[in-house]
Amino acid sequence: MKNLRSYDPIWMGTLTGLAALILWYFSSLAIEKSITPSADKIWPFISAGLGAFSGSYFAYLFRKHEEKQASKNKIKLALDACLFTSIRQYNAMYQMKNYFDHYPGDLDQAFSMSAVKFPDYKDARIDFDSLNFLNDFDEISHLIDLTIEQERFEQTIVSMEMRNSFHAEKLQPALEKHDINGRELPLEKIEQLIGPLIFHTALRNAKQTYALLCENLNSNHKLHQSTWNIARRLFPDRAFLKPSPLPPPIIDSQRGQ
């Protein structure tokens with residue numbers, strides 16, 4: 001029905017033109033038979049009407065084609081931007097996880113890994129307004145998954161920032177105060193010196209941030225692949241940014257306790 005409605009101007013124009021010709025023909029009979037239009041007189045009007053109709057019709061088709069092409073280009077650009085943002089988020093988390101992996105144990109990540117300043121990723125946000133077209137292709141669930149992934153990414157960034165702030169403002173001063181840096185001490189002794197609150201908070205912050213990074217790398221990769229599949233289905237003859245390969249998993253025994 002939507003396609004039929006788009007042709008309403010054409011049908012209305014055609015019917016109006018035919019009605020005008022019929023009205024003109026029969027009204028001439030009522031006035032005087034001698035002015036009744038003959039075939040050779042009415043044909044120029046018909047041909048002119050057909051010419052005008054054809055010109056309007058093809059102009060309409062051309063305009064619709066341009067509008068459709070513009071809409072397709074807009075969708076293509078939105079998908080490109082979404083995939084590019086997904087790659088940026090993946091790379092951000094990969095760099096953070098790679099920094100953690102230089103300290104393969106939970107204790108090393110909590111106490112030996114210093115705070116580090118990463119780039120500001122606040123602009124690495126998916127433009128959801130430009131992706132509203134997914135609803136027209138019955139992909140509303142994918143749009144919801146993208147919003148969840150964006151929130152998960154932001155949660156991971158916040159967790160990393162909290163870990164770094166706590167390390168710089170609380171943990172490091174406590175370690176320096178008791179000259180613990182670089183010393184091999186039993187865990188019980190470290191906890192006694194810096195206090196249970198700082199000790200367990202540092203351990204919890206490191207474990208939580210690392211877990212979020214690993215989970216996000218996996219979910220980002222899967223969602224990027226799903227977005228790429230949708231893009232390829234809508235534009236089979238166009239190229240799109242593929243997801244980055246997943247890093248090899250870290251075995252728990254390698255991380256230590």
Side-chain angles (χ1 to χ4, degrees), residues 84-126 144-225 243-257:
F84 180 70
T85 300
S86 181
I87 282 289
R88 287 191 63 201
Q89 293 181 357
Y90 180 92
N91 288 337
M93 292 180 291
Y94 179 82
Q95 295 301 324
M96 293 179 186
K97 180 180 179 299
N98 188 53
Y99 184 71
F100 267 80
D101 290 340
H102 282 84
Y103 302 86
D106 292 338
L107 295 178
D108 285 337
Q109 291 178 357
F111 301 107
S112 299
M113 188 176 74
S114 61
V116 60
K117 176 64 176 177
F118 288 98
D120 188 358
Y121 297 109
K122 291 181 180 178
D123 63 332
R125 290 189 54 83
I126 297 173
I144 294 173
D145 290 340
L146 286 172
T147 62
I148 295 173
E149 185 65 22
Q150 177 67 45
E151 293 168 356
R152 187 181 293 120
F153 170 75
E154 293 175 357
Q155 179 187 14
T156 304
I157 296 298
V158 170
S159 180
M160 187 66 181
E161 291 175 347
M162 290 177 60
R163 184 268 165 194
N164 286 338
S165 295
F166 182 84
H167 186 96
E169 298 172 7
K170 301 292 184 180
L171 178 60
Q172 190 62 35
L175 295 175
E176 293 175 356
K177 178 181 178 181
H178 299 284
D179 194 23
I180 298 177
N181 281 337
R183 294 174 58 189
E184 295 288 340
L185 295 174
L187 294 181
E188 296 79 5
K189 184 63 175 179
I190 297 176
E191 181 178 356
Q192 178 185 358
L193 291 173
I194 65 176
L197 179 60
I198 294 179
F199 179 87
H200 290 289
T201 301
L203 194 61
R204 182 174 60 253
N205 285 350
K207 294 182 69 173
Q208 174 181 291
T209 302
Y210 189 81
L212 285 172
L213 287 169
C214 294
E215 292 171 5
N216 274 248
L217 282 172
N218 287 318
S219 62
N220 176 284
H221 184 273
K222 292 178 181 178
L223 200 57
H224 188 122
Q225 184 65 56
S244 299
L246 281 172
I250 299 297
I251 302 175
D252 289 340
S253 61
Q254 293 178 328
R255 284 175 45 75
Q257 302 297 325

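Any value given below was found using the heavy atoms of this structure, including those in side chains, with hydrogens, waters and symmetry copies removed. Bear in mind that the values here come from a model prediction, so they are computed numbers and not experimental data.
- Here the closest non-hydrogen pair linking Q150 and A124 is NE2-O, 3.5 Å.
- Under 3.5 Å, the side chains of Q192 and E188 contain no donor-acceptor pair of N or O atoms.
- The CD1 atom of I87 sits 4.5 Å away from atom NE2 of H224, with the distance rounded to the nearest 0.5 Å.
- Here CD1 of I190 is found 10.5 Å from CG of L203. Values are rounded to the nearest 0.5 Å.
- Note that CG of N216 is 10.0 Å distant from CE of M96, once rounded to the nearest 0.5 Å.
- Side-chain contact annotation: E149 with Q89, donor-acceptor N/O pair under 3.5 Å absent.
- Side-chain contact check for R163 versus R204: every heavy-atom pair is 4.5 Å or farther apart.
- To the nearest 0.5 Å, atom CZ of residue F111 and atom CD1 of residue I198 are 10.0 Å apart.
- Although no hydrogens or angles enter the test, the distance criterion places no donor-acceptor pair under 3.5 Å between the side chain of D179 and the main chain of L175.
- With hydrogens and angles disregarded, no donor-acceptor distance shorter than 3.5 Å links the side chain of T209 to the backbone of A206.
- Between F153 and Y121, the ring-plane angle classifies as perpendicular under the 30° and 60° cut-offs.
- Within the 4.5 Å cutoff, no side-chain heavy atoms of T156 are placed close to those of M160.
- For A110 against A202, the heavy-atom pair with the smallest separation is CB-O, 3.6 Å.
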Criterion side-chain contact (heavy atoms from CB on, under 4.5 Å) on R88 and D123, from CA distance to verdict: CA-CA 10 Å; R88 287 191 63 201; D123 63 332; 3.2 Å; yes

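- Scanning all heavy atoms of the two residues, the minimum distance from L193 to H178 falls at O-NE2, 2.9 Å.
- Note that the CD atom of Q109 and the NE2 atom of H167 stand 12.0 Å from one another [nearest 0.5 Å].
- The OG atom of S86 sits 6.5 Å away from atom CG of L223, with the distance rounded to the nearest 0.5 Å.
- A heavy-atom distance below 4.5 Å is found between the side chains of E191 and H200.
- Taking a 6.0 Å sphere around CZ of F84, one finds it holds 12 or fewer heavy atoms contributed by other residues, nucleotides or ligands.
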Full working for side-chain contact (heavy atoms from CB on, under 4.5 Å) between M162 and N205: CA-CA 8 Å; M162 290 177 60; N205 285 350; 5.5 Å; no

Derivation of the side-chain contact (heavy atoms from CB on, under 4.5 Å) call for M113 and D108: CA-CA 6 Å; M113 188 176 74; D108 285 337; over 6 Å; no

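- Using a 3.5 Å distance cut-off with no hydrogens or angles, the side chains of S159 and Y210 do not pair a donor with an acceptor.
- Heavy-atom minimum distance, R152 versus S219: NH1-OG, 3.4 Å.
- Using a 30° and 60° split on the angle between ring planes, Y90 and Y94 fall in the parallel class, below 30°.
- Considering only heavy atoms from C-beta on, F118 comes within 4.5 Å of V116 through its side chain.
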